[in-house]
Amino acid sequence: MQVTETKSEGLKREFQVVLPAAELESRLATELDGIKGKVQLKGFRPGKVPVAHLRKVYGRSVMADVVQNAVNEANQKIVEDNKLKLALEPQIQMPEDKDEIDKALDAKADLSFKIALEVMPSFDLVDLSDVSLTKLVVTPSDEEINETIERMAAANRPFEDRPEGQSAESGDRLTINFTGRIDGTPFEGGTGEDINLDLGSNTFIPGFEDQLLGARVGDERLVKVTFPENYGAEHLAGKEAEFDVTVKAIKLPGELKIDDELAKNFGMDSLDALKDAVRSTMGREYEAASRQKLKKGLLDALDSRYSFELPPSLVHQEFAAVWAQVEQDLKNRGKTFEDEDTTEEKAREEYRRIAERRVRLGLVLAQAGESADIKVSDDEVNQALIARVRQFPGQEQQVWDFYRKTPQALAELRAPLFEEKVVDHVLGQVKLVEEPVSKETLFADEDDAEDAKAKGESAEAAPAGESNPA
């Protein structure tokens, strides 16, 4: 086998591989001899089939295996001899001339083919000791804890039927049927039956609840509202609508009790234990939000420190994935690029930069993880799989089997675990300054669009159909 490098441009390599006819003949003979004792043909005793006859019957199919094995060997030899790290699987280009292929498969001519490769870029990890990042810290206050428990108590307070003939007041719970129309036509998500609505909760469209104050059981009311401009289902945003509402029941709220009995309803021994549990849950939520901002700051810092050539195919793959999300998002929301105050050309440029950033940061984190010998254990993957399985009640076994039988799916579980470990490792190399802030500051939307771009994700459209006009 003769291997010659014919092209070396940036991260692209190309090699010419030649398998002499004599080598093809030798390999074919070896393979045929190996199957001689295994095949059974009419008229021949086992192991006594002449090689010439075997070649006539199986020659072409065996030679196909010979060629495939030779291609695999050539790939391995090229990678090992040149110490290459491949970005993608090699691309094999066989001769276009059919006669040339046929002669090679008959071992009457040399087989010559090309192997095109894209290799990973080579770069050094930079010193991050002069990078300073701020970690926002929020401690749940007693006031927040109490407000949360009050909401929990309100959501679980008892209700009893309002005496017959009395009208609904703020705080009452109504059971209603409704049918909504826009321009006289019913719309998706605008119909509901036996829906509970707490007057004064402001969970429905602004103005909807107010028009049911004073209603009695059996009343039928026409409620007129306007969907907010920022309503989640964009096909309804800003639209005027009418709802035919029938009041089926009115219930009075019972006494709001915040005590040990309330805590027991949530599986806690005492009110203090419930407060501790709420405080712990809030703390985890704040920590997760803080880490997300800290991680974004770290990735921004890394992005500004690294500049190297990227494998074109990896960028193309990443861009294709990001662009598919963008197009699906626009389709789901019924929008165009013009609606987003841009053009498709400008959007492509923008999201290509996003794809390049994601590939660059992925390579940096991969090399940082490899340099630090960071591993994800099978036990960690199993724990992540168990968590995923729990998201599908009633389908646990099917989900478990799917992941266990699908290596790519398991790899998708492993990847974020590896990334978080590497992020922790890299954060250990920078200066971290903790800054106590308010909850409002932590969750402030600095720039949702920029955040989405930085992560290379497109925002998901809110579901269009709702079970109530909330």
Side-chain angles (χ1 to χ4, degrees), residues 146-259 261-262 265-266 329-335 339 393-394 459-470:
N146 291 334
E147 288 177 353
T148 299
I149 290 180
E150 286 176 6
R151 288 195 296 271
M152 295 168 67
N156 288 272
R157 74 194 306 174
F159 281 82
E160 59 184 30
D161 290 336
R162 180 173 279 283
E164 186 177 353
Q166 289 189 3
S167 57
E169 300 178 1
S170 181
D172 287 355
R173 173 168 292 174
L174 273 60
T175 301
I176 62 174
N177 291 348
F178 58 81
T179 300
R181 299 180 304 279
I182 294 178
D183 296 329
T185 303
F187 59 91
E188 183 181 0
T191 301
E193 293 186 358
D194 296 327
I195 303 300
N196 289 330
L197 168 61
D198 293 346
L199 295 184
S201 64
N202 298 318
T203 54
F204 275 37
I205 303 167
F208 190 101
E209 298 171 24
D210 294 342
Q211 297 177 59
L212 295 179
L213 290 170
R216 293 182 171 84
V217 174
D219 280 1
E220 295 181 356
R221 291 199 172 186
L222 178 64
V223 174
K224 298 181 178 182
V225 294
T226 300
F227 283 94
E229 292 292 342
N230 61 346
Y231 191 65
E234 295 198 17
H235 69 290
L236 301 177
K239 299 289 183 65
E240 294 182 356
E242 295 181 345
F243 289 87
D244 292 322
V245 181
T246 300
V247 179
K248 300 184 67 177
I250 303 175
K251 293 182 179 291
L252 282 164
E255 183 181 357
L256 188 66
K257 293 184 178 181
I258 299 178
D259 52 19
E261 287 302 315
L262 172 68
N265 289 336
F266 290 96
D329 174 53
L330 289 174
K331 181 179 178 181
N332 290 342
R333 296 188 292 121
K335 296 290 186 179
D339 294 330
E460 293 182 354
E466 300 290 343
S467 61
N468 60 64

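Values below: all heavy atoms of this structure, side chains included; hydrogens, waters and symmetry mates excluded. Because the structure is a prediction, the values reported are computed rather than measured.
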Item to check | Test item: D198 and T203 side chains (from C-beta on) under 4.5 Å apart, heavy atoms | outcome: no
Item to check | Any P163 side-chain heavy atom under 4.5 Å of L252 side chain | outcome: yes
Next on the checklist: Could you check whether R221 pairs with D244 (Lys NZ or Arg NE/NH1/NH2 to Asp/Glu carboxylate O, under 4.0 Å)?
Outcome noted: no
Next on the checklist: Check whether E160 reaches the backbone of G254 with its side chain - one donor and one acceptor, N or O, closer than 3.5 Å.
Outcome noted: no
Next on the checklist: side-chain contact (heavy atoms from CB on, under 4.5 Å), that's the test. Do F204 and V223 meet it? Break it down for me.
Outcome noted: CA-CA 12 Å; F204 275 37; V223 174; over 6 Å; no
Next on the checklist: Main chain of L262, side chain of D259: is a donor-acceptor contact present, judged purely on distance under 3.5 Å?
Outcome noted: yes
Checklist outcome for this item: Residue set satisfying side-chain contact (heavy atoms from CB on, under 4.5 Å) with N265, at least two apart, ordered chain then number -> none
Next on the checklist: Is any side-chain heavy atom of F266 closer than 4.5 Å to one of N156?
Outcome noted: yes
Item to check | Any donor-acceptor N/O pair, K239 side chain to H235 backbone, under 3.5 Å | outcome: yes
Next on the checklist: What's the separation between atom CZ in R157 and atom CE in M152, rounded to the nearest 0.5 Å?
Outcome noted: 15.0 Å
Checklist entry - Checking side-chain contact (heavy atoms from CB on, under 4.5 Å) against F243, which of I176, L222, I205 comes through? => result I205
Checklist entry - Between CZ of F227 and CZ of F208, what distance do you get to the nearest 0.5 Å? => result 9.5 Å
Item to check | Between CZ on residue R333 and NZ on residue K331, distance to nearest 0.5 Å | outcome: 14.5 Å
Checklist entry - Rounded to the nearest 0.5 Å, what separation is found between the CD atom of E229 and the OH atom of Y231? => result 13.5 Å
Next on the checklist: For T175, is there any backbone N or O sitting under 3.5 Å from a side-chain donor or acceptor partner on N196?
Outcome noted: no
Next on the checklist: Quick check: do L236 and F187 have side-chain heavy atoms less than 4.5 Å from each other?
Outcome noted: yes
Checklist entry - Under 4.5 Å between any side-chain heavy atoms of Q211 and V225, yes or no? => result yes
Checklist outcome for this item: All heavy atoms of A153 vs all of I258, minimum pair found to be CB-CG1, 3.9 Å
Checklist entry - Does L199 offer a backbone N or O that forms a donor-acceptor pair with the side chain of E209 under 3.5 Å? => result no
Next on the checklist: Main chain of G207, side chain of D210: is a donor-acceptor contact present, judged purely on distance under 3.5 Å?
Outcome noted: no
Checklist entry - Is any side-chain N of the basic residue among D172 and K251 closer than 4.0 Å to the acidic one's carboxylate O? => result no
Checklist outcome for this item: CG (L174) and OG1 (T246) are apart, to the nearest 0.5 Å, by 11.5 Å
Checklist entry - Minimum heavy-atom separation for P228 to P206, with atom names? => result CG-CD, 4.0 Å
Next on the checklist: I need the minimum non-hydrogen distance between A168 and L212, along with the two atoms involved.
Outcome noted: CB-O, 4.0 Å
Checklist entry - If you look at every heavy atom in I182 and A241, which pair is closest and at what distance? => result CG1-CB, 3.9 Å
Checklist entry - Residues two or more places apart in sequence or in another chain: which of them pass salt bridge (Lys or Arg N to Asp or Glu O under 4.0 Å) with E261? => result K264
Checklist entry - Which atoms form the tightest heavy-atom contact between R216 and S167, and what is the distance? => result CG-CA, 4.0 Å
Checklist entry - What distance separates D194 CG from N177 CG, expressed to the nearest 0.5 Å? => result 5.5 Å
